[in-house]
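Order of the sequence lines fixes the chain letters, A, B, ..., with proteins taken first and strands second; residue numbering starts at 1 for each chain.
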2 protein chains.
Amino acid sequence: MSTETPDPPGARASERPDGPSRRARGRATMKDVARLAGVGIKTVSRVVNREPGVSTAMSARVDAAVRELGYRPDAGASALRRADGRSSAIGVVVDDVANPFSGAVLRAVEEVAIGHGTVVLAGSADEDGPREREVAQAFTDRRVDGLIVAPTGQADDHLADELRRGLPVVLVDRDAPGLPVDQVLSTNELGAAAAVTHLTDAGHRRVAYLGDLSTISTARRRFDGYRQALIDVGLGVDDRLVVADLHGEASAEGAAVHLLQLPPEQRPTALFCAQNRITVGAVRALRSLGLAHDVAMVGFDDFPLADLLSPGVTVVAQDPGLIGTEAARALFARIDGSRRPPRTVWVPTTLVRRGSGEIRPPQGR
Amino acid sequence: MSTETPDPPGARASERPDGPSRRARGRATMKDVARLAGVGIKTVSRVVNREPGVSTAMSARVDAAVRELGYRPDAGASALRRADGRSSAIGVVVDDVANPFSGAVLRAVEEVAIGHGTVVLAGSADEDGPREREVAQAFTDRRVDGLIVAPTGQADDHLADELRRGLPVVLVDRDAPGLPVDQVLSTNELGAAAAVTHLTDAGHRRVAYLGDLSTISTARRRFDGYRQALIDVGLGVDDRLVVADLHGEASAEGAAVHLLQLPPEQRPTALFCAQNRITVGAVRALRSLGLAHDVAMVGFDDFPLADLLSPGVTVVAQDPGLIGTEAARALFARIDGSRRPPRTVWVPTTLVRRGSGEIRPPQGR
DNA sequence: CTGAAAGCGCTAACAA
DNA sequence: TTGTTAGCGCTTTCAG
């Protein structure tokens with residue numbers, strides 16, 4: 001300590017010619033690089049950003065200094081000053097990052113984002129409107145360049161606010177009718193109708209509906225598809241066979257057990273499960289009642305190992321990877337300045353026959 | 001256009017007294033709030049950050065202006081100037097956000113992060129060392145306060161660099177021996193040994209090992225547990241029954257088929273699958289050969305629906321949620337300044353008996 | 001082709 | 001209690 005020459009009064013550490021500034025948490029700054037290379041700070045900026053018009057000699061000196069100091073530009077400071085203000089970060093708000101559907105969407109978004117030199121902030125809304133807003137707000141507070149949201153359906157106003165401010169937003173999986181926003185959606189209604197038609201084609205006349213929270217737009221669309229398909233073949237909706245507002249496997253299992261214990265004349269011969277957790281709950285119910293090979297079932301949304309159960313579970317598969325990819329593409333188009341009118345991209349669903357959906361109704365009914 | 005009074009030369013839009021600056025991409029700034037409230041900018045800063053020593057009258061005026069303008073602070077600009085430089089963002093690099101294990105870790109981290117007012121940058125390394133480094137670097141370029149990483153095992157040097165610079169880092173799932181870093185790990189060796197012992201206790205003497213890339217530290221640990229358990233009961237490792245460096249379901253299925261088609265005297269009577277995708281591949285192999293009820297199997301790491309297969313798949317379950325929670329806690333302790341020596345938290349595994357692991361070896365052998 | 005000065009939105013240090 | 005000034009690390013503007 002005492003052996004070192006004290007700084008002259010007024011000299012701040014960051015301006016000592018003999019050592020780099022270390023204010024930036026152990027990181028070298030552009031100023032440090034400039035000093036080491038013996039050039040102006042703007043030249044460093046040019047080299048780092050690969051702007052044209054720098055002599056190769058300068059360029060080489062700067063690059064050497066960059067390497068020596070392990071310099072990395074501060075993306076935040078850069079965004080602050082930059083004319084377009086871009087942070088090269090986007091936010092993704094899904095239902096639950098731990099859910100395989102959401103995870104696949106997130107992963108696909110990540111791939112596209114990487115190609116744009118952009119990082120992904122990820123958050124879970126958990127079917128909770130206020131949480132959706134808080135997560136999205138935490139992201140916009142960090143000045144993300146855009147937002148991809150699977151809306152809960154309970155907090156569409158904050159999305160409207162962000163759109164009004166000009167923030168690029170793309171909705172995935174669930175729609176928000178009335179908002180002027182790009183959306184990437186599965187063909188929920190068509191897919192549900194295909195599932196139900198598949199069952200009625202096999203002769204089923206009592207097809208039950210098991211669906212989740214009707215605040216969720218996909219739940220409503222899938223129910224619409226179910227109803228329309230029944231009407232189209234001359235069957236109406238029997239309200240006793242409809243259970244909505246389920247949440248999670250356990251409640252679905254309970255509801256399915258209840259339906260399967262109705263008197264024989266009312267009992268459904270087939271189940272349409274409008275969401276993957278509900279499908280799994282229904283599988284458990286069928287197992288526990290020993291009916292897995294007797295009552296038909298088609299689920300909406302595929303899940304791992306559906307083919308390894310017995311019977312295999314017939315599903316209307318979505319394509320979460322494609323949903324994520326399309327959403328990210330649409331978002332970056334907006335970020336890059338596109339002023340097209342908002343557009344909805346429909347991602348098709350596919351009926352995957354595995355056995356459970358091909359079970360015929362009991363003879364003579 | 002022509003009806004508006006043109007700005008006097010030299011007057012910049014941001015300094016017009018009659019309108020808020022809109023440079024910040026449609027957002028009001030602190031300056032705008034200050035002007036509207038008729039106070040100094042520092043007072044706004046105090047109110048926004050809930051610093052003490054502001055009169056209630058001022059506070060109310062500022063709050064009103066904040067609401068009227070829809071003002072939200074710029075977290076990036078704040079971090080830039082703030083003494084501690086905190087961005088209130090952390091980065092999480094897992095193998096693949098679409099994988100259920102990683103998703104559960106990520107979700108648990110998110111919960112803890114929310115409690116600290118912190119957002120999560122998420123990225124997938126995809127068993128690729130260079131990609132791991134790039135993703136982590138993209139995060140540190142945004143000045144994250146810390147990093148949670150499931151290391152590929154191929155790029156430990158960049159982690160060492162970050163640690164040296166003083167960036168808080170916590171490793172999850174996989175260890176990096178020799179690095180002075182907090183780690184949160186499953187008891188891989190113990191768990192694998194428990195799985196194998198469970199099989200040998202049932203009388204199996206030829207237990208095969210199916211494992212993934214041995215660059216991954218968990219694969220090595222699990223193999224060690226397998227070997228030790230065999231040695232402990234007086235059985236050695238039969239190299240013909242060991243297949244490592246598998247990647248993905250398909251290669252695991254192929255390897256299992258090969259093992260199960262060995263001549264009867266060499267054929268394994270039980271399989272130990274060291275990773276969940278490998279377990280699923282092995283299930284497919286057993287199914288296709290009609291041996292699912294004849295050859296025993298225990299998998300490492302649980303997966304959804306394992307209990308619904310027949311037989312149910314016996315596994316050594318990990319607790320990814322707890323791993324994520326502990327990792328986040330450890331990280332925030334570091335971020336909050338803890339200087340404890342690096343510590344490893346061991347998260348226990350649990351043997352879950354479901355049927356496949358309780359199959360006995362053929363009589364008389 | 002290069003660099004000095006200004007300032008992005010905010011907070012720290014200091015003054016009033 | 002309140003406001004003013006400087007400056008975080010960077011890019012923009014503009015002068016050499």
Please, which pairs that meet ring pair (Phe, Tyr, Trp, His ring centres under 6.0 Å) have at least one residue in residues 116-157 of chain A, sequence neighbours excluded?
A:His116-A:Phe332

With sequence neighbours excluded, residues passing side-chain contact (heavy atoms from CB on, under 4.5 Å) with A:Ala333
A:Ser338

Given D:dT2, C:dG3, D:dT11, which nucleotide is nearest the side-chain atoms of A:Arg82?
D:dT11

Can you tell me if the side-chain N/O atoms of B:Ser45 get under 4.0 Å from OP1 or OP2 in C:dC10?
no

Taking Watson-Crick and G-U wobble contacts under 3.5 angstrom, with | marking pairs to another strand and [ ] crossing pairs, the secondary structure of DNA chain C is written ||||||||||||||||

Contacts satisfying salt bridge (charged side-chain N to carboxylate O under 4.0 Å, His left out) that involve residues 56-70 of chain B (not counting sequence neighbours) are none

Of all of residues 58-66 of chain A, which get a heavy atom below 4.0 angstrom from DNA chain C, listed by number?
A:Met58

By side-chain hydrogen bond (donor to acceptor under 3.5 Å, both in side chains), B:Thr325 pairs with (sequence neighbours left out) none

For residues 324-335 of chain B, which residue pairs qualify under salt bridge (charged side-chain N to carboxylate O under 4.0 Å, His left out), counting only residues two or more places apart or in two chains?
B:Asp182-B:Arg334, B:Glu326-B:Arg329

If you look only at pairs with a residue in residues 108-124 of chain A, which of them pass as a salt bridge (charged side-chain N to carboxylate O under 4.0 Å, His left out), with sequence neighbours excluded?
A:Arg107-A:Glu111, A:Glu110-B:Arg131, A:Glu111-B:Arg131

D:dC10, D:dT12, D:dG3: which one has an atom nearest the side-chain heavy atoms of A:Thr29?
D:dC10

Atom pairs under 3.5 Å, N or O on each side, protein against nucleotides 14-16 of chain C: can you list them with distances?
none

Residues passing the side-chain hydrogen bond (donor to acceptor under 3.5 Å, both in side chains) test with A:Asp141, sequence neighbours excluded, are B:Arg72

Sequence neighbours excluded, the answer for salt bridge (Lys or Arg N to Asp or Glu O under 4.0 Å) partners of A:Glu132 is none

Return no unless some side-chain N or O of B:Ser78 is found under 4.0 Å from OP1 or OP2 of C:dT11.
yes

With sequence neighbours excluded, residues passing salt bridge (Lys or Arg N to Asp or Glu O under 4.0 Å) with A:Arg46:
none

